[in-house]
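Structure record follows, encoded as C-alpha cells.
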Amino acid sequence: MGDNSKRVSRGLLDVRILRDVEFDFQLYRSLGAVSYEGGTVGEILSLVPHINCDDPDSWVKSFKELATKLKNHALIVLQKGNNESARQEFLRAANYFRAAEYFGDPRDSKTRYLGMESRDCFVYAFRTTDIQFEAERIPYGEDFIPAYWIAPTTGGKKKTIMMMSGFDGTSEEMYFQAGSAALQRGYAIVLFDGPGQVGMRRFSPETPLRPDYEVPISKVVDYALSKEDVDPSKLALYGISLGGYFSLRAAANDSRIRALISNSPITDMYKYMSAFAGEAINSPEDITLETVDLVPTEYLSKAQKLQLVNIMLKYGRHSMFKAFERMKDFVVGDSIKNIQVPFLAMVSEGEGEEALSQAKEASDSVSGKSTMRIFTREEGADSHCQVTNLPLSNSVLLDWLDEVFGA
C-alpha cells in the first residue's frame, strides 16, 4: 500500500518512562504543557506507576481521576474567592481530561464525556479572569465549528493568530501548545476545531475529515475578520501536526490569510500517514471496524487498535484499506504556488525523512518568502511539534511573526 522506506516518527527522545514509544510520547506531550500551566511534573509523574501500556484504560482512568480531583477542588476554592488558584487548577484539569480522552475509545460515549469535561474546565478557567474570552460556534452548514476567541484587554487593532491542531489534538491543547505564549506577546488568538477533528467530533461524531479544508477554514477567517479588534493586515494561520496540511490548503485558497506557519507542512497525506503507520498497512488482510477488536493482541495491541479505529472513523471509511485509499485525496498539489504570503515551515529532525522531505518541498514550492526551521535533538526539540521544548518552538514562531507583522 505504499513505500515505507521513509518513516515518520514521534521523535528520537528515548527516556523510556513507560517503556512504550506511543505511551511515552503521550507522556512527553502532557509534560510539555507544564511550561504553560497545562500540568505539573509531579502530578503527571505520580500517575506512571498506575499506567499499564497493555491496558489503555489504565491511562484513561488515571488521568480522569486526577482531572476530576482538580476540577472539584477548583470549584471549592472558586467559591472562596481564590480566583487565581481556581484558574490554574481548571487549566490543568482541562489538559488532563484531554489526555484521558486520547486513549479513550471513540465509539464509547464516555470518551465524549471526557472531551466535554476538558472543554468545560477550559471555559471555567477563563471565566475567572478579565481577559477577553468567548466560546464560539462558527456556522458550518448544518453543524458548527467550535472555537475560542481570546485576546488581551488592551485597545486597538490586534495582531491575530488562528490556531489549529491536527489528527488527535484539540483547540484547548493548542492554548498550551502556542496560544498562551502568543497572548503573552500581545496577540489575539482564535482556537478552533474543524470537521473530523476531536473538538468538533465531540458535538458532531459522524463528521469526517475533508481534503478541501480551505472550506471550513474560510468560515473561521470570516469569523476572525468580523471582530472589530482584528487587524485584517495582520491575520496569521498556524497549523500543527495534520494541521500542517489543513493550513497549506487554506492559505493556497484564501488571500485573506496574511502569514502562514505550518508545523510541520504536509503536502501529501497518504505518503505521510503511510510512513507513520509503517508495516501495519501492509497487512495481507483488511481490518474493519467490525473485525478490529478480534485481531489477537500479539499482532495489534489495544492502543494500536484504538489508533486504527480513530483513523477509520475520522476518514469516514470503515476499513483500514479504504481509509488509507481515502487519504490519497488529501494533497496540496500545484495550488501551493498560490501561497504568496510569508511562510514559516517548522519541522523536527526526529520526525523522520518523509516529514522532513515534505516540509522542504512545501518551503521550496510556495511563491511567497519562505523560511524553514529544523529543530534538533541537541535543542531538546526534535519531537513531533516540539512538544518537549515548547518555549523554544514558540520563540521561533513568534519572533518570526513579530518580524513579519512588526513587533
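These values consider heavy atoms only, across backbone and side chains, with no hydrogens, waters or symmetry-generated copies.
Using modelled atom types, no side-chain atom of S247 and backbone atom of Y238 make a donor-acceptor pair closer than 3.5 Å. Side chain of S204 to main chain of T207: no donor-acceptor pair is present (N/O by atom type, distance under 3.5 Å, no hydrogens or angles). The backbone N or O of N52 lies less than 3.5 Å from a partner atom in the side chain of S58, making a donor-acceptor pair. For the pair T297 (side chain) and L300 (backbone), a donor-acceptor distance under 3.5 Å is absent.
Heavy atoms from other residues, nucleotides or ligands lying under 6.0 Å from NZ of K64 number 12 at most.
Checked against the 6.0 Å centroid threshold, F126 and Y175 count as a close aromatic pair. Taking the six-membered ring where the residue is Trp, the centroids of Y102 and F63 are separated by 6.0 Å or more. Separation of the Y272 and F330 ring centroids does not fall under the 6.0 Å cut-off. Between F122 and Y148, the distance separating the two ring centers is shorter than 6.0 angstrom.
Here the side chains of V309 and P106 are in contact, with some heavy-atom distance below 4.5 Å. Here the side chains of L401 and Y187 are in contact, with some heavy-atom distance below 4.5 Å.
Under a 4.0 Å N-O distance rule, the pair E65/K61 qualifies as a salt bridge. Between D293 and R107 there is a salt bridge, since at least one side-chain N of the basic residue sits less than 4.0 Å from a carboxylate O of the acidic one. For D168 and R29, the salt-bridge test passes: some basic side-chain N is under 4.0 Å from an acidic carboxylate O. Ion pairing of D54 with K302 is absent here, as no side-chain N (NZ or NE/NH1/NH2) approaches a carboxylate O to less than 4.0 Å.
Within the structure, side chain to side chain donor-acceptor pair (under 3.5 Å) pairs that include any residue of residues 209-221 comprise Y140-R210, R210-D212, E214-R249 (at least two apart or interchain).
Using the six-membered ring where Trp is involved, F167 and Y315 have ring planes that are parallel, under 30° apart on the 30 and 60° scheme.
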